[in-house]
Amino acid sequence: MSTETMSIFSPQLAAKFDALVLKYPVKRSALVPMLLYAQDEIGYVSDAVIAEIADRLSITPLDVRNVATYYSMLRFKPVGKYNVQVCTNISCMLRGAYDLFDHLQGTLGIGHKGVTADGVFSLEEVECIGACCWAPAIQVNYDFHDELTNDKVDAVLATYRAKAKGATTNA
């Protein structure tokens, strides 16, 4: 697919998809990376994302959906500008992850998979983010924050709130 074809993606991402498809001996093998890149740009895997990726890979939208629904890191609804993922796997759980999750629910006023009214934050409990040595840990978009307490997580949220308002901080 040419980058000049109508696309829901930015010209840069469309070009990246064109190059990605050429890297694999079977076009379909580019499906999961394409879904992840699309999610980063669009915010979630929408029906339009599924349709365009299916077209680019010459497979059906059902083929795309069948693969996409297998991966828990792919989202099918919009999330907040900053998606807060709280790890509750064994290491984090033993070091207070559920207390941290409860604190975040109260602070943000949302539950699991909720989005704040202003759209700045979304919150979800996740199985593991691979930070067991630094538990309890959260991931905000692609940023890790570890060895957290309620006070530390409040500071983390304040940093992202400031970013959302366009302010600069030193945190």
Side-chain angles (χ1 to χ4, degrees), residues 1-93 97-98 100-101 104 108 110-116 119-146 148 156 159-160 163-164:
M1 180 177 277
S2 167
T3 56
E4 295 180 20
T5 304
M6 288 289 290
S7 175
I8 63 168
F9 304 114
S10 67
Q12 296 80 16
L13 186 56
K16 189 174 198 169
F17 283 171
D18 290 343
L20 191 61
V21 167
L22 296 175
K23 287 184 178 179
Y24 293 97
V26 177
K27 286 171 55 173
R28 182 187 188 115
S29 300
L31 176 56
V32 172
M34 289 173 78
L35 287 166
L36 290 167
Y37 289 130
Q39 179 174 270
D40 283 346
E41 183 168 287
I42 304 294
Y44 67 107
V45 179
S46 67
D47 289 343
V49 166
I50 289 171
E52 183 166 333
I53 288 176
D55 186 50
R56 287 173 173 274
L57 297 177
S58 303
I59 59 179
T60 69
L62 183 59
D63 291 332
V64 175
R65 191 173 300 280
N66 285 342
V67 170
T69 55
Y70 179 78
Y71 293 96
S72 62
M73 72 281 211
L74 294 171
R75 299 179 298 268
F76 298 93
K77 295 188 323 188
V79 294
K81 179 178 177 78
Y82 299 109
N83 187 35
V84 180
Q85 297 178 308
V86 181
C87 176
T88 57
N89 206 336
I90 190 73
S91 296
C92 288
M93 179 190 70
Y98 281 110
L100 198 63
F101 186 74
L104 282 163
L108 297 173
I110 56 175
H112 176 61
K113 301 236 180 200
V115 180
T116 57
V120 173
F121 292 105
S122 53
L123 176 66
E124 64 181 313
E125 177 187 348
V126 295
E127 186 59 29
C128 184
I129 59 173
C132 298
C133 294
W134 306 280
I138 66 172
Q139 184 174 342
V140 181
N141 295 350
Y142 289 111
D143 300 333
F144 282 90
H145 301 278
D146 51 38
L148 292 170
V156 168
T159 300
Y160 288 103
K163 286 182 182 178

Would you say that Leu35 contacts Met73 through its side chain, given a criterion of any heavy-atom pair below 4.5 Å between the two side chains?
no
Within this structure, what is the CD1-CZ distance for the pair Ile53 and Arg65, rounded to the nearest 0.5 Å?
11.5 Å
In this structure, CG of Leu31 is separated from CG of Asn66 (nearest 0.5 Å) by 10.0 Å
Between CD1 on residue Ile8 and CE on residue Met6, distance to nearest 0.5 Å
11.0 Å
So how far is it from His145 NE2 to Leu100 CG, rounded to the nearest 0.5 Å?
11.5 Å
When you measure from the side chain of Gln139 to the backbone of Asn141, do you find a donor-acceptor pair of N or O atoms at a distance under 3.5 Å?
yes
Heavy-atom side-chain contact between Leu57 and Met34 under 4.5 Å:
yes
Distance-minimising heavy-atom pair for Ala54 and Pro61
CB-N, 3.6 Å
Closest heavy-atom pair and its distance - Glu127, Cys87:
O-SG, 3.7 Å
Minimum heavy-atom distance between Ala131 and Ala137, given as atom pair plus value
CB-CB, 3.8 Å
How close do Cys128 and Gly130 get, counting heavy atoms only, and between which atoms?
SG-N, 3.3 Å
Between Arg56 and Asp18, is there a side-chain heavy-atom distance shorter than 4.5 Å?
yes
If you look at every heavy atom in Pro33 and Tyr24, which pair is closest and at what distance?
CG-OH, 3.7 Å
Would you give the length of the straight line joining atom OG of Ser7 to atom CG of Leu13, rounded to the nearest 0.5 angstrom?
7.5 Å
For Leu36 and Tyr71, run side-chain contact (heavy atoms from CB on, under 4.5 Å): C-alpha distance rounded to whole Å, both residues' side-chain angles, the deciding distance at 0.1 Å, then the answer.
CA-CA 10 Å; Leu36 290 167; Tyr71 293 96; over 6 Å; no
Test item: Glu125 side-chain N/O and Thr88 main-chain N/O as donor-acceptor pair under 3.5 Å
no
Has the side chain of Ser122 got a donor or acceptor atom that lies under 3.5 Å from a matching backbone atom of Val115?
no
Kindly assign one of parallel, tilted or perpendicular to the pair Phe17 and Phe9, based on the angle between their ring planes and the thresholds 30° and 60°.
perpendicular
Would you call Ile50 and Val45 a side-chain contact if the rule is heavy atoms closer than 4.5 Å?
yes
Heavy-atom closest pair (Phe101 atom, Leu123 atom, distance to 0.1 Å) is CE1-CG, 3.7 Å
So Tyr44 and Val79, do their side chains get closer than 4.5 Å, heavy atoms only?
no
Examine the side chains of Asp143 and Tyr160 and answer whether a donor and an acceptor come within less than 3.5 Å of each other.
yes
Tell me if a side-chain donor or acceptor on Thr116 pairs with a main-chain N or O of Phe121 at a distance below 3.5 Å.
yes
Between CD of Glu124 and CZ of Arg75, what distance do you get to the nearest 0.5 Å?
7.0 Å
